[in-house]
Amino acid sequence: MIEHDSTFRDKVYGFVSQIPEGRVMTYGQLAVLSGHPRAARIVGQIAHFGPIDLPWHRVVNKKGGLARTFSFGGIEGHRKLLQQENIVIKDNTIEDIDRYIWQPK
DNA sequence: CGAGTGACCGCAA
DNA sequence: ATTGCGGCCACTC
């Protein structure tokens with residue numbers, strides 16, 4: 001696990017890579033865990049430019065809504081990827097998101 | 001180097 | 001319930 005001289009960005013990478021299948025994390029949650037509670041916005045930015053090998057589709061906003069503009073396959077692609085992991089989505093919003101939230105140890 | 005933009009969140013009116 | 005605005009880091013031009 002990378003946690004050392006890691007920048008905010010690197011910490012986000014670390015957490016995202018740990019999200020298990022069928023679970024999700026919110027931008028705000030990642031911001032808090034990475035040491036910048038008000039930087040949820042930046043997490044989105046990092047997600048946009050981040051490495052494709054990380055499961056960015058498991059990162060969603062607090063309302064359970066999907067990203068407004070998803071880099072890979074658009075919002076429909078995003079929805080499909082989540083549904084593949086047995087996550088129920090209604091109107092581009094995850095239903096009862098709280099039960100999918102992943103809390104890293 | 002400086003300025004602008006952005007996959008968001010929470011509080012105030 | 002909706003609307004507006006500040007905060008924050010990474011990246012581009």
Side-chain angles (χ1 to χ4, degrees):
Chain A
M1 156 121 184
I2 355 167
E3 197 165 347
H4 185 60
D5 287 352
S6 299
T7 62
F8 177 72
R9 180 194 61 193
D10 293 323
K11 289 183 181 177
V12 172
Y13 288 162
F15 285 118
V16 173
S17 65
Q18 288 171 48
I19 306 176
E21 188 178 309
R23 290 308 181 84
V24 300
M25 281 184 80
T26 68
Y27 297 99
Q29 189 184 2
L30 284 165
V32 172
L33 292 171
S34 301
H36 290 268
R38 304 296 135 101
R41 185 174 198 173
I42 318 307
V43 177
Q45 199 64 209
I46 291 170
H48 182 72
F49 292 99
I52 186 187
D53 32 302
L54 298 187
W56 295 112
H57 59 280
R58 294 175 187 147
V59 181
V60 297
N61 66 36
K62 198 66 166 57
K63 306 186 263 317
L66 309 180
R68 300 208 279 90
T69 57
F70 190 66
S71 304
F72 188 73
I75 193 155
E76 27 182 291
H78 194 175
R79 184 175 61 230
K80 198 165 186 176
L81 285 169
L82 289 173
Q83 289 174 331
Q84 279 179 340
E85 302 190 353
N86 299 321
I87 294 178
V88 181
I89 298 180
K90 184 159 191 176
D91 276 344
N92 287 335
T93 302
I94 296 178
E95 187 169 340
D96 193 10
I97 182 175
D98 290 336
R99 76 176 185 187
Y100 294 111
I101 297 290
W102 167 247
Q103 183 71 6
K105 306 192 206 155

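Quick note on labels: first sequence line is chain A, next is B, and so on, each numbered from 1.
Taking every side-chain heavy atom of A:T69 into account, B:dA7 is the closest of C:dT12, B:dC8, B:dA7. Which of B:dG6, B:dC9, B:dA7 sits closest to the side chain of A:N61 comes down to B:dC9. Of all nucleotides listed (B:dG10, C:dA10, B:dC8), B:dC8 comes nearest to the side chain of A:Y27. Closest contact between the side chain of A:K62 and the listed nucleotides B:dA7, C:dA10, B:dG10 involves B:dG10. Nearest nucleotide to the side chain of A:Y13, out of C:dC8, B:dA7, C:dC11: C:dC11. Nearest to the side chain of A:W56, among C:dC9, B:dA7, C:dC8, sits B:dA7. Checked against B:dC9, C:dC8, B:dA7, the side chain of A:F70 finds its nearest nucleotide in B:dA7. Out of C:dT12, C:dC9, B:dC8, the shortest distance to the side chain of A:R41 is found at B:dC8.
The CD1-P distance, from A:I97 to B:dC8, rounds to 13 Å in whole Å. Nucleotide B:dC9 holds its P atom 14 Å from the CD1 atom of A:I46, rounded to whole Å. The separation between A:I42 atom CD1 and B:dG4 atom P is 16 Å, rounded to whole Å. In this structure, A:K63 atom NZ and C:dA1 atom C1' are separated by 15 Å, rounded to whole Å. Distance CG (A:L33) to C1' (C:dC9): 17 Å, rounded to an integer number of Å. Between A:D10 atom CG and C:dC9 atom P the separation is 15 Å, expressed in whole Å.
Of all the heavy atoms in A:H57 and A:H78, the pair that sits closest is O-NE2, 2.9 Å. Shown here for A:F8 and A:V43, the closest heavy-atom pair between the two residues is CZ-CG2, 3.9 Å. Closest non-hydrogen pair, A:P104 versus A:L33, comes out as CG-CD1, 3.7 Å.
Using a 4.0 Å heavy-atom distance criterion, A:H48 is classed as a base contact.
Residue A:H36 has no polar side-chain atom (N or O) positioned under 4.0 Å from OP1 or OP2 of C:dC8.
If you find the closest nucleotide of DNA chain C to A:A39 and to A:R9, the one lying nearer the 5' end belongs to A:A39. Between A:F8 and A:R38, the residue whose closest nucleotide on DNA chain C is further toward the 5' end is A:R38.
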Give the intermediate values and the outcome of side chain to side chain contact (heavy atoms under 4.5 Å, CB included) for residues A:V60 and A:L66.
CA-CA 6 Å; A:V60 297; A:L66 309 180; 4.3 Å; yes
With side chain to side chain contact (heavy atoms under 4.5 Å, CB included) as the criterion, how do A:I101 and A:Q29 come out once you've worked through the C-alpha distance, each side chain's angles and the decisive distance to 0.1 Å?
CA-CA 10 Å; A:I101 297 290; A:Q29 189 184 2; 3.6 Å; yes
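Nucleotides C:dG6 and B:dG4 are separated by 15 Å at their P atoms, to the nearest Å.
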